[in-house]
Structure formats: structure tokens, C-alpha cells
Amino acid sequence: MYQAILMAREDSRISNTTDGAPSEPNEESASAHPSQISESSLLLFAVASAIVTANAYYIHPIISSVAEYYGVSDALIGMVPSFNQIALALGIFLLLPLGDRFSNRKLTLIFVSLQVLALGVMAMADSYILFVAGSTALGFVTVAPYLLPAYVSKRVVNSRLGHANAILTTGIIFGILVARAGAGVIGEYVGWRMVYVIATALMLVVSVLLYLIMEERREPRNTQGQTGYFSLILSVFPITRAYPEILIAGAIQGLGFGAFLAIWMGLGLHLTSPEMGYGTDTVGYLAALTIFNLFITPRLGRWADKKGPRKARLIFAAIHTTGSSLLLFTGHSLWLLIIPLFLVNSVGPTIDVSNRMTFLNQPPDVRTRLMTIYIVCMFVGGGIASWAGTAVYHFAGWSGSAILALSLSALVLLLSFLSYRWKGH
């Protein structure tokens, strides 16, 4: 690991790019030059992304335990993931555009430090309101993993965008896997609080890792750094008009992420219900299916490079909808549930990868703000679906959760088809 860190730092010194605004000509033309970031660097950023992203997903398998501890209903406990996702969308909108003005290194280290504090609040919260407040604050400052794709995209040629984003996405998948599988087992045998104690310790480790592998940028040579904060935030809107396809990509990701959360919010309550009778560890074991994505996603990312993002996305969306349609008929059996969950989990991340490929090939000076629009759409959809997933389960059980997931997935397929007809390759 230490050798990999040294290699990553050397890559950063060799690179003639900056890590924030595309203020030097060579960064603006980075996509025209050979790759300037090594596989070892990508892997370390993937590890960091995994740990930082995992924080939002610990709640999935232990949601019933947290609800029981604080004495709240299935519908009310949905506030935790819902407010976290909505706060994340707000934080992305207000904070991520700063990546086009300030050093990504400084921003990342600040946001990671604030995440450590928020996790500490969640670990020690003695009331439900304080726990929700900690989770909401955690969401607001979870910006670091969304600075990294734009950072990396400026250091790879366009023909490797799918591969590079797939590596980062694989890291996120691994983080989600560890979060859901690990939290389920720890919550069952040690208690849910220990989940957040361990999460706080992991974030301290990742703060050191990012300090070591991210280099401070050089002084900018243009006037981008002089742009006022509010002007920078408001510039998101004309950029949206200039690149309207970002709204389609964002809507697809918001709906797809919403389907993912609706499934797992409902599943966490369904499997631990009296009807099914399993513990939170079983939810974690089922979440461990995601381990296959560590091998599948990079390969599908390279395949998307060859086929084109829109065609690949359409095919992935069709598989996702097929898997979602099976949830309604397999909910009575833990073993049968493996089939639709495998299908949905396999292509969900690659829908994200193909989405990003449609806009991370745009001029470097707008990529961070395009990513802002994309992630805001994603977490608005996720926030609404998180609460809807638990509320629907409260009133209609697993059948309601399955129908909600299928409806969201069908909309992903429809938008993917319309985008393919509009833009083609």
C-alpha cells in the first residue's frame, strides 16, 4: 500500500495538470494526450471513494434495529436515509462547484474531516432527532467522491473514460458492499452503534490516505479563480442549457438510484419482519452479492467504451427492468430473491458509468459543474425514493416496494430509449 501511495504521488508530480479549475492549457487539452494517471493511482482513489461513499449505506441492513432502538415506525425511520440523500444533493449543489475554483485537495480534506465529525454524532446520539441531524449533516458534506471523477477525467484520454470511471465505480461498489454486508453482521452481533464507531475510524484512515496521494495544485493562470461564489453557483444554469443531455443522464441516474434504494429499504424491513423472520446479518449476507460487481463492472465499462454510452445504457436498462419485474414474484423466498437482485445489482453501476461517459468528455472547465447537476439529480431521486420505499412498505408490504422499484426502472428504460433515439452513438 505504501509503495502504491508513493507511485501515485510521483504520477501527480509528473502530470502537468491541476486538480481544480482547468486553469492551465495543458489540462484543458488533457483528453487529447495519452493517459497521465496510472492504474495504481486509480486504485487508491477507488479505495478512498469506497470508504467515503460507504457512510450513506450502513443504515440499510440495520434500519429496523435503529427504528426499534429509538421507538419509531417503519415509515418514520425513512427520514434517516431520505434526509441524508436530500442533504447530499443540496451539498453537491452548493459545494461541488467550488471544485472549479479551489484546490480539490483542500476541499476534499475539509469535507472528509467534517464527515468524521458527523459520524461521531451518529455514533453517540442519544435521541432519534440527534441521529437524524448527524445523518443529514453527513450527507451535506459528502462531496469528496464526486470531485474525483472530474479530477480523473482530466487525466485520461476519452477512449479510456469508461474504464477509468468503471474503476472508481468499482471502488464505490466495494464500499457499498462492505457497508451493507459488514453493517448487517456487526449490527446483529455487536450492536448498530459499533457500526458508526468503526465508520468514524475508517474515515480517519481515508483522510490520511487522501492527504498523501493528492497533490496541491499550481496557481491558476486565468481569471476563473476570481469568479464570485454566487456567480459560480448560478453558472450551473446556463451550463445546463448549453448541455441539455445532462438532464436526461441525471434523470436516469436519479430514477435508477431511487429504484436501488427502494429495493434495499424495503428488503431491510421485509427480511427482518415476522413474516420472513431473518436477522440483520441475513440482509448483509444478501448484500454481499454485490461482490460480483467488482469483476463485472470494469469489463462492462470497457464494453461500453466500444459500443458507445447510449447504446450500452439502453441494454443495461433493459436488463435492469427485467430484474425489477421479478422482485414481485420472488419476495417470498430468500433464495429466489438472489436472481433479480443479481440482475439489478450487476447493471445498476454500469448505467451510472455509461451516464457519466455522456458528459465527462465535454470541456474540462465545465465537467465539475456538469457533475454537480448529475449528482444533484441522482440524490434528489434517491432521497425521495428512500422515504417512499419505507412508506410504501409500511402500507403495502413487499409487494408495494417491488411495484415501486419496477415503476422507477421502467422509466429508466424509457428515458434511455428516447436518449438513444435522440443522440444515437
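- Atom CZ of Phe395 sits about 12.5 Å away from atom OG of Ser401, to the nearest 0.5 Å.
- Side-chain N/O atoms of Arg369 and Ser235 include a donor and acceptor closer than 3.5 Å.
- For the atom pair CD1 of Ile92 and SG of Cys377, the computed distance is 12.0 Å after rounding to the nearest 0.5 Å.
- Here the side chain of Thr350 pairs no donor or acceptor atom with the backbone of Val353 at under 3.5 angstrom.
- Tyr57 and His60 have perpendicular rings, their planes meeting at more than 60° on a 0 to 90° scale where under 30° would count as parallel.
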With side-chain contact (heavy atoms from CB on, under 4.5 Å) as the test, would you mind laying out the steps for Ser135 and Ile59 before giving the verdict? CA-CA 10 Å; Ser135 177; Ile59 190 66; over 6 Å; no
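- Annotation: side chain of Leu267 is in contact with side chain of Leu337 (closest heavy-atom distance under 4.5 Å).
- Judged by distance alone, the side chain of Tyr196 and the main-chain N or O of Val121 form no donor-acceptor pair under 3.5 Å.
- Under the 3.5 Å distance criterion, the side-chain polar atoms of Asn84 are left unmatched by any main-chain donor or acceptor of Val80.
- Closest non-hydrogen pair, Ile252 versus Ser416, comes out as CD1-OG, 3.7 Å.
- Rounding to the nearest 0.5 Å gives a distance of 4.5 Å between OH of Tyr128 and CD1 of Ile77.
- To the nearest 0.5 Å, atoms CG (Leu327) and CG (Leu336) are separated by 11.5 Å.
- Ile167 places none of its side-chain heavy atoms less than 4.5 Å from the side chain of Phe45.
- Between Ser207 and Val112, the shortest heavy-atom contact is CB-CG1, 3.6 Å.
- Looking at heavy atoms from C-beta onward, Lys306 lies out of side-chain contact with Lys311 at the 4.5 angstrom threshold.
- The main-chain N or O of Phe342 is never found under 3.5 Å from a side-chain atom of Asn345 such that the two would form a donor-acceptor pair.
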Determine, stepwise, if the pair Val206 / Leu202 fulfils side-chain contact (heavy atoms from CB on, under 4.5 Å). CA-CA 6 Å; Val206 84; Leu202 287 174; over 6 Å; no
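- No side-chain donor-acceptor contact under 3.5 Å links Trp422 to the backbone of Phe417.
- Considering only heavy atoms from C-beta on, Ile239 stays 4.5 Å or farther from Thr372 through its side chain.
- Annotation: side chain of Leu406 is in contact with side chain of Thr321 (closest heavy-atom distance under 4.5 Å).
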Any chance you could lay out the side-chain contact (heavy atoms from CB on, under 4.5 Å) test for Phe257 and Gln85, step after step, and finish with the verdict? CA-CA 11 Å; Phe257 188 54; Gln85 301 297 302; 2.9 Å; yes
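- Scanning both residues, Leu415 and Ala251, for their nearest heavy atoms gives CD1-CB, 3.8 Å.
- The main-chain N or O of Ile403 is found under 3.5 Å from a side-chain atom of Ser407 such that the two form a donor-acceptor pair.
- At a threshold of 4.5 Å between non-hydrogen side-chain atoms, the residues Leu328 and Ser399 count as touching.
- The shortest distance between side-chain heavy atoms of Leu204 and Val116 falls below 4.5 Å.
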Is there a side-chain contact (heavy atoms from CB on, under 4.5 Å) between Ser324 and Val344 once you walk through the steps? CA-CA 7 Å; Ser324 297; Val344 170; 3.9 Å; yes
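- A centroid separation of less than 6.0 Å is found between the aromatic rings of Phe359 and Tyr374.
- Using a 4.5 Å heavy-atom cutoff, the side chains of Leu138 and Gln115 are in contact.
- The two residues Thr53 and Pro145 come nearest to each other via the heavy atoms OG1-CB, 3.7 Å.
- Counting only distance, with no hydrogens or angles, the side chain of His320 and the backbone of Gly256 share no donor-acceptor pair below 3.5 Å.
- For the residue pair Arg313 / Ser419, a side-chain donor-acceptor distance below 3.5 Å is found, with atom types taken as modelled.
- In terms of heavy-atom proximity, Phe316 sits nearest to Val347 at O-CG2, 3.5 Å.
- To the nearest 0.5 Å, the span separating CG on Leu44 from CG on Leu212 amounts to 10.0 Å.
- From Ile315, atom CD1 reaches atom CG of Leu300 across 10.5 Å, with rounding to the nearest 0.5 Å.
- In this pair, Phe131 and Tyr70 present their aromatic rings tilted. The plane angle is within the 30 to 60° band.
- Pro340 and Thr330 make their closest contact through CG-OG1, 3.4 Å (heavy atoms, listed as atom of the first residue, atom of the second, distance).
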